[in-house]
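What follows is one structure encoded as C-alpha cells, with my remarks underneath.
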Amino acid sequence: MISFKGVTKRYADGTVAVDGLDLELATGEITVFVGPSGCGKTTTLRMINRMVEPTSGVIAIDGVDVTTRPAAELRRGIGYVIQQGGLFPHRTVLDNVATVPLLLGWDKKKARERARELLPRVGLDAALGARYPHQLSGGQQQRVGVARALAADPPVLLMDEPFSAVDPVVRAGLQEEFLRLQAELHKTIVFVTHDIDEAVRLGHRIAVFAKGGHVAQYATPRELLAAPEPGFVTEFLGGERGLRKLRFFAELDATPEAARPGSGEAPGATALGEAPDA
Amino acid sequence: MNAGWEWITDPANWHGSDGIPVRLAEHVGYTLLVLLVALAIGLPLGLFIAHAGQRAAFAVINTANGARALPTLGLLVLIFLLSTGSDVAALIPLVILAIPPILVNAYEGIRQVEPQVRDAARGMGMTGRQVLFRVELPIAVPLILLGARTAAVQVVATATVAAYINLGGLGGYIMDGILLREYGEAVGGSVLVVLLAVSVQGLFTLFTHLVTPRGLRKEHA
C-alpha cells in the first residue's frame, strides 16, 4: 500500500502544488490520478519516487517512509513510465529495457536475456530488440517504455500520462494490453492522466484532482459516474457523463460473468482490471 | 602559384632541420598540445555550466566568446615578452582561441538532451554521475567532437603566428618568404597549412562517424 499523510508541496515562489493530501492506494490495484493540468497530479506521482520532495507530510510504501531510503536506490525498485517514453536514443531497445537490471548489478548477459523475454510480453516483436528508438513508431516506443519499467519486476509502477502522445486508435490498443498485462502481474500502479475516459477505463479507483492540489473525489469509476460530487467533479466529467456511464456499464455487461468478482452484487469496478476483453 | 608549386616539389626543401617534415611535425605538435590543454579546460567547464544554471552559463560563455575577439598575434607577443621568452607560455593565445568552440559545444551538447530522457534516467535510479556518463555525454558526443574539430582547424591555421617568436612550424616559411621576397616559399607554406587544415577536418569527420553511437547517427550523419 502507498499512503499519503498530510502531504504538501509548496515551491519556493509560494505556489502550492499539492495541499495537505491524505490518500491510500491499494496494493495490486490501478489507482488513477485525473484532473486538469496544473492540479498537482504529476507532482503527487513524482513524490512517490522522490523525483519531487514533499515540503511536509509523509509518503510511505508498505509502511516505510520513502525519504528514509537513498533516492537512487528507492527508484530502482519502482517502475517509471513517462510521456513520450523518454527512451535513451543512443541505446538499442534491448539495452534500454535492460537499464534497471544493469543498475542493480546484474551481469550483462542476464540483463539482456531478461529484456529479450519482456519484449513479447508488451506486444513487441523480438526482432525490434536490436533497433534504436528513432526507428520505432510512437506506440512501439511506449511499449518499450513499459517493458523498461517492468524489467526488474518492481512491485510498484508509476505511469505519468504514458499513452497521451499517441493517436486514439493506438492508445486504445495500448490500454487494452496494459489491462491484460496487469491481470497477470498485479502490480501496484499509480497512473496519471488528464483524460477522464482513460481514467474510467483503467482505474480500480480514481482520484479526481482539482486546482490548488487537493483531491475533490476519490472513488471507484462506478461510484464516480453514478454519484459525482457536485461542483468541480461534475463539471470535469462534463456533459457526456450520461454517455460515459452507458458505455461503462455496457462494457461491464460484455464481460463474462466468471471474470467478475462479487457476482451477486452489481459488478464492481475491479472487474475492469481482470477482464481480458473489458 | 607556380613558384609555390616549385618550392613544394623541390627535394631540397624536404631535408634538414629546416625541412618541411620537421616544420610540419612542429606545427602538428603545437596543435595537439594546444588542443589537449583546451579540451582539458573547456570540456569539464562546459559540462559544469550545463548543470550550473542559466546565469553562470551565460557569464562563462560570454567571457569565452569575448576572449575570442582578442587579437591572437598581439596577445602572443605580449605573453611572450611577459613570460620572458617561454616557448610553452607563448601557446596560451592559441589555447584561448581553442577553448570557446569546445566549451560552447560541450554546453550545447548537454543542453540539447531531451528533458524527458534526463527525467527517465533519474527516475530509473541513475545517480547524477551515471546520468552524465551513461546518458548525457554519449548523446553529446557528436556536438563535442564538432567543437573540437572547429578548434583544431582554427589552431592549425593560426599556429602560423608562432613563427613570429621563432617557434617554427609551417608559419616560418610564410614569414621568411615574405621577408626575403621568396614568394614561392610563402605561397608553398600557405598551401601546406591549408592542406593540413583540410586533412585535420577530414580526420575529425571520420573519427566523429566512428565514435558516434549508432542510434544517433541518423540525425548527425
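Numbered from 1 within each chain, the chains take letters A, B, ... in sequence-line order.
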Only pairs of heavy atoms separated by less than 4.5 Å count here; which of B:Asp119, B:Val113, B:Val141 has the most with chain A? B:Asp119
Between B:Pro213, B:Pro115, B:Gly123, who has the most heavy-atom pairs with chain A when the cutoff is under 4.5 Å? B:Gly123
For B:Asn65, the side-chain contact (heavy atoms from CB on, under 4.5 Å) test, sequence neighbours excluded, returns B:Ile61, B:Arg68, B:Pro100, B:Val104
Against chain B, work out which of A:Arg91, A:Gln135, A:Arg131 has the most heavy-atom pairs shorter than 4.5 Å and name it. A:Arg91
Of the backbone (N, CA, C, O) and the side chain (C-beta and beyond), which part of [X] lies under 4.5 Å from a heavy atom of chain B, both, or neither?
X       : value
A:Arg46 : side chain
A:Leu87 : backbone
A:Gln83 : backbone

If you round to the nearest 0.5 Å, how far is [atom2] of [Y] from [atom1] of [X]?
X        : Y        : atom1 : atom2 : value
B:Met124 : A:Leu103 : CE    : CG    : 9.0 Å
B:Gln130 : A:Thr99  : CD    : OG1   : 11.0 Å
B:Arg118 : A:Phe88  : CZ    : CZ    : 11.5 Å

Using every non-hydrogen atom in the two residues, find where [X] and [Y] come nearest and quote the distance to one decimal.
X        : Y        : result
A:Tyr132 : B:Arg214 : OH-CB, 3.4 Å
A:Arg75  : B:Arg122 : CD-O, 3.1 Å
A:Gly86  : B:Ala120 : O-CB, 3.4 Å
B:Thr127 : A:Arg76  : CG2-NH2, 4.0 Å

Are there more than 12 heavy atoms of other residues, nucleotides or ligands under 6.0 Å from atom [atom1] of [X]?
X       : atom1 : value
A:Arg10 : CZ    : no
B:Gln54 : CD    : no
B:Phe48 : CZ    : no

Between A:His134 and B:Gly215, is there a donor-acceptor pair closer than 3.5 Å when you use the side chain of the first and the backbone of the second? yes
Please look at B:Arg134 and chain A and tell me whether the side chain, the backbone, both or neither of the residue comes under 4.5 angstrom of a heavy atom of that chain. both
